[in-house]
2 protein chains.
Amino acid sequence: MANPILLVEDEPVMAALLRQGLEEEGYLVEWVLTGEEALARLEHLEPALLVLDVRLPGMDGVEVCRQVRQRWPDLPVLMLTALDDVENRVRGLRAGADDYLPKPFAFEELLARIEALLRRSKRQPTRHLLLDGPLTLDLNARTATCGERPLSLTPREFDLLAYLMQHSRRAISRLQIYREVWGHDFDHGTSLLEVYISYLRRKLQEAGCPCYIATVRGVGYRYEPAEG
Amino acid sequence: MANPILLVEDEPVMAALLRQGLEEEGYLVEWVLTGEEALARLEHLEPALLVLDVRLPGMDGVEVCRQVRQRWPDLPVLMLTALDDVENRVRGLRAGADDYLPKPFAFEELLARIEALLRRSKRQPTRHLLLDGPLTLDLNARTATCGERPLSLTPREFDLLAYLMQHSRRAISRLQIYREVWGHDFDHGTSLLEVYISYLRRKLQEAGCPCYIATVRGVGYRYEPAEG
DNA sequence: CAAAGTTCTTAGAAAGGCCTTAAAAGTAGC
DNA sequence: GCTACTTTTAAGGCCTTTCTAAGAACTTTG
C-alpha cells in the first residue's frame with residue numbers, strides 16, 4: 001500500500017546517504033546492491049520509482065533498465081551516471097530511463113528530479129505520515145512536529161506517541177500499550193508507562209502543543225488533538 | 001477509487017479550487033453548497049469522506065457534523081475552520097469530526113490529511129456510540145456528553161450509566177445491575193447502588209441534562225431520555 | 001394517622017491509582 | 001573507557017474513587 005522507492009546502488013556509503021536523505025523526506029526506501037537483486041525484488045514489490053546506478057557489479061545499469069522497461073513499462077527510472085560518461089547516458093536513455101543525474105550531484109537536485117518524475121508518473125508513493133490535529137509524526141524519518149515546531153523525542157517516546165495517535169480519541173488500555181510499544185504481555189508493576197506519559201506531556205506542553213494525553217482512569221490513556 | 005469525496009462549501013471560488021485540486025489527484029468530488037443539501041445527498045451517495053466547512057449558511061458545520069455522525073457513524077469527516085476559531089474547532093471535534101484543518105492551509109496539507117483519514121478509516125473499527133436523547137456515551141473513548149457539555153464520570157458511574165442506557169426505557173432490577181456493573185451476584189446490604197444513582201442524578205442535573213433516572217419502586221431503576 | 005418499609009443523601013474512612021522526581025542501570029558514540 | 005543520552009526502577013505524595021454507615025425523606029399500608 002505504501003509504495004517505496006527502490007534504490008539500486010552497490011556502494012554502501014552512497015546508498016546509506018541517499019537512503020537517509022530520502023527517508024528524512026518521508027519516502028520509504030528499499031535498497032538492493034545489484035541489478036539481479038533489483039529484478040527479483042520487483043516481482044513482489046511495487047515501487048513508485050527506481051533509482052539506478054549505472055555502474056554496478058554484474059549486470060550493468062543500462063541492461064537492468066532495459067529489462068525493467070520490458071516488464072514494467074510504467075515504472076519511472078532515474079539513472080545515476082558518472083559526470084563524463086556520455087556514452088552510458090545515451091545508452092541509458094535509449095534503454096528507457098526517464099531521467100539521469102550525473103554524479104556528483106547536490107542531494108536537493110536528486111529530490112527535485114524524483115518529485116518531478118513522480119508527479120509525471122501520477123503514481124504517488126505514499127508518505128508515511130501520521131497526522132492528527134496539530135501534531136505530525138513522520139514514521140519514516142521518525143520525526144515529530146507540532147505545527148511548525150519540531151519535537152525532539154526519544155525512540156520510546158516516539159513509539160508511544162505514534163501508537164496513541166494511531167488510535168486517536170480512543171481509550172487504550174495499559175496492557176495494550178505495553179504489548180504494542182514494549183512488546184511485553186504484562187504490566188511491570190513499576191510505573192514505567194506513567195513515567196513516559198509524563199515525559200510526553202511535558203514535551204508537548206513545552207512546545208505549546210494544543211493537544212494532550214487524557215488519563216482514562218482504571219483503563220489507560222487517550223490522545224486528544226485539541227483542548228476541551 | 002469508486003467512492004467520491006463530498007465537499008460542503010458555500011464559497012464558489014474556494015470550492016472550485018479544492019475541487020480542481022482534488023480531481024487532479026484522481027479523486028472524484030461531489031460538491032454541495034449547504035448542510036441541508038449535504039444531508040440529502042448522503043441518503044443516496046456513499047462518499048468515502050466528507051470535507052466540511054464550518055461556516056455555512058443555514059445549518060452550520062458543527063450541526064451538520066452531529067447529524068451525520070448519528071446516521072453514518074463511520075464516515076470520516078474533515079472540518080475546515082478559521083485559524084483562530086478555537087471554539088468551533090472544539091465543538092466540531094466534540095460533535096464527531098475526525099480531523100480539522102485551519103484556514104488558510106496549503107493544499108498539500110489538505111491532501112495529506114485526506115489520505116491519512118482514508119487510511120485510518122480502513123483500519124479502525126467503527127466508533128461505538130450510545131446515543132439516547134441528549135446524552136452521548138462514547139464507549140471507545142469512554143467519554144460522556146450531554147448535548148455540547150462534557151460530563152465527567154468516574155469509571156463506575158460511566159459503566160452504570162452505560163448499562164442503564166443500553167436498556168433505555170425499561171425497568172432494570174437491582175440484582176441485574178449488581179451483576180452486570182459490579183460483577184457481584186448479591187445485594188451488599190448497603191445502599192451502594194443508591195449512592196451511585198444519586199451521584200449520577202446530581203451530575204446530570206448540574207449539566208442541565210433533560211433526562212433522568214426513574215426509580216421503579218420495589219424493582220430497580222429506569223433510564224428516561226426526556227421528560228414525559 | 002402512625003408504623004413499616006424503601007429510597008435518598010451526606011459525610012467520612014479506606015483503598016487504590018496516578019504523577020512526579022530522583023537515581024540507578026543500560027547503550028551508544030567518540 | 002569516558003561521556004551523554006535513554007530506559008528502567010523505586011518511592012513518596014497527592015488526589016480520586018469506592019464503599020460503609022447512619023439518619024432524613026418519602027411511600028405504602030394497616
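In what follows, chains are A, B, ... by sequence order, proteins preceding strands, each numbered from 1.
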Does the side chain of B:Thr143 come under 3.5 Å of the side chain of B:Asp138 through a donor N or O and an acceptor N or O? no
Side chains of B:Gln67 and B:Glu63: any donor to acceptor distance under 3.5 Å? yes
Check this one for me: any side-chain N or O of [X] less than 4.0 Å away from OP1 or OP2 of [N]?
| X | N | answer |
| --- | --- | --- |
| A:Ser198 | C:dT21 | no |
| B:Tyr221 | C:dC8 | yes |
| B:Arg202 | C:dC8 | no |
| A:Arg217 | D:dC15 | no |
| B:Thr190 | D:dT20 | yes |
| A:Thr215 | C:dC19 | yes |
| A:Ser191 | D:dA11 | no |
| A:Arg201 | C:dC19 | yes |
| A:Trp182 | D:dT7 | no |

Pick the closest DNA chain D nucleotide for A:Leu192 and for B:His184 by heavy atoms, then say which residue is nearer the 5' end. A:Leu192
In whole Å, what is the span from the [atom1] atom of [X] to the [atom2] atom of [N]?
| X | N | atom1 | atom2 | result |
| --- | --- | --- | --- | --- |
| B:Ile177 | C:dT7 | CD1 | C1' | 14 Å |
| B:Glu194 | C:dC8 | CD | P | 6 Å |
| A:Gln205 | C:dT20 | CD | C1' | 14 Å |
| A:Leu160 | D:dT6 | CG | P | 15 Å |
| B:Lys203 | D:dT16 | NZ | P | 11 Å |
| A:Leu200 | D:dT6 | CG | P | 13 Å |
| A:Ile197 | C:dG17 | CD1 | P | 17 Å |
| A:Leu193 | C:dG17 | CG | C1' | 12 Å |

Within the structure shown, what part of the strands sits under 4.0 Å from A:Arg156 by heavy-atom distance: base, sugar-phosphate, or nothing? sugar-phosphate
Report which part of the nucleic acid B:Tyr199 touches: base, sugar-phosphate, or nothing (heavy-atom distance under 4.0 Å, all strands). base
With no hydrogens and no angle check, is any side-chain donor or acceptor of B:Arg201 less than 3.5 Å from a backbone partner on B:Ile213? yes
Criterion salt bridge (Lys or Arg N to Asp or Glu O under 4.0 Å) on B:Glu157 and B:Lys203, from CA distance to verdict: CA-CA 10 Å; B:Glu157 289 165 359; B:Lys203 287 190 179 178; 2.8 Å; yes
Nearest to the side chain of B:Tyr196, heavy atoms from C-beta on, is which of C:dT7, C:dC18, D:dT18? D:dT18
Given C:dT20, C:dT10, D:dT18, identify the nucleotide with an atom nearest to the side chain of B:Pro155. D:dT18
Stepwise ring-ring contact (aromatic ring centres under 6.0 Å, His included) test for A:Trp182 and A:Tyr196: CA-CA 12 Å; A:Trp182 270 269; A:Tyr196 269 88; 5.7 Å; yes
Side chains of A:Leu204 and A:Cys146: does their closest heavy-atom pair fall under 4.5 Å? no
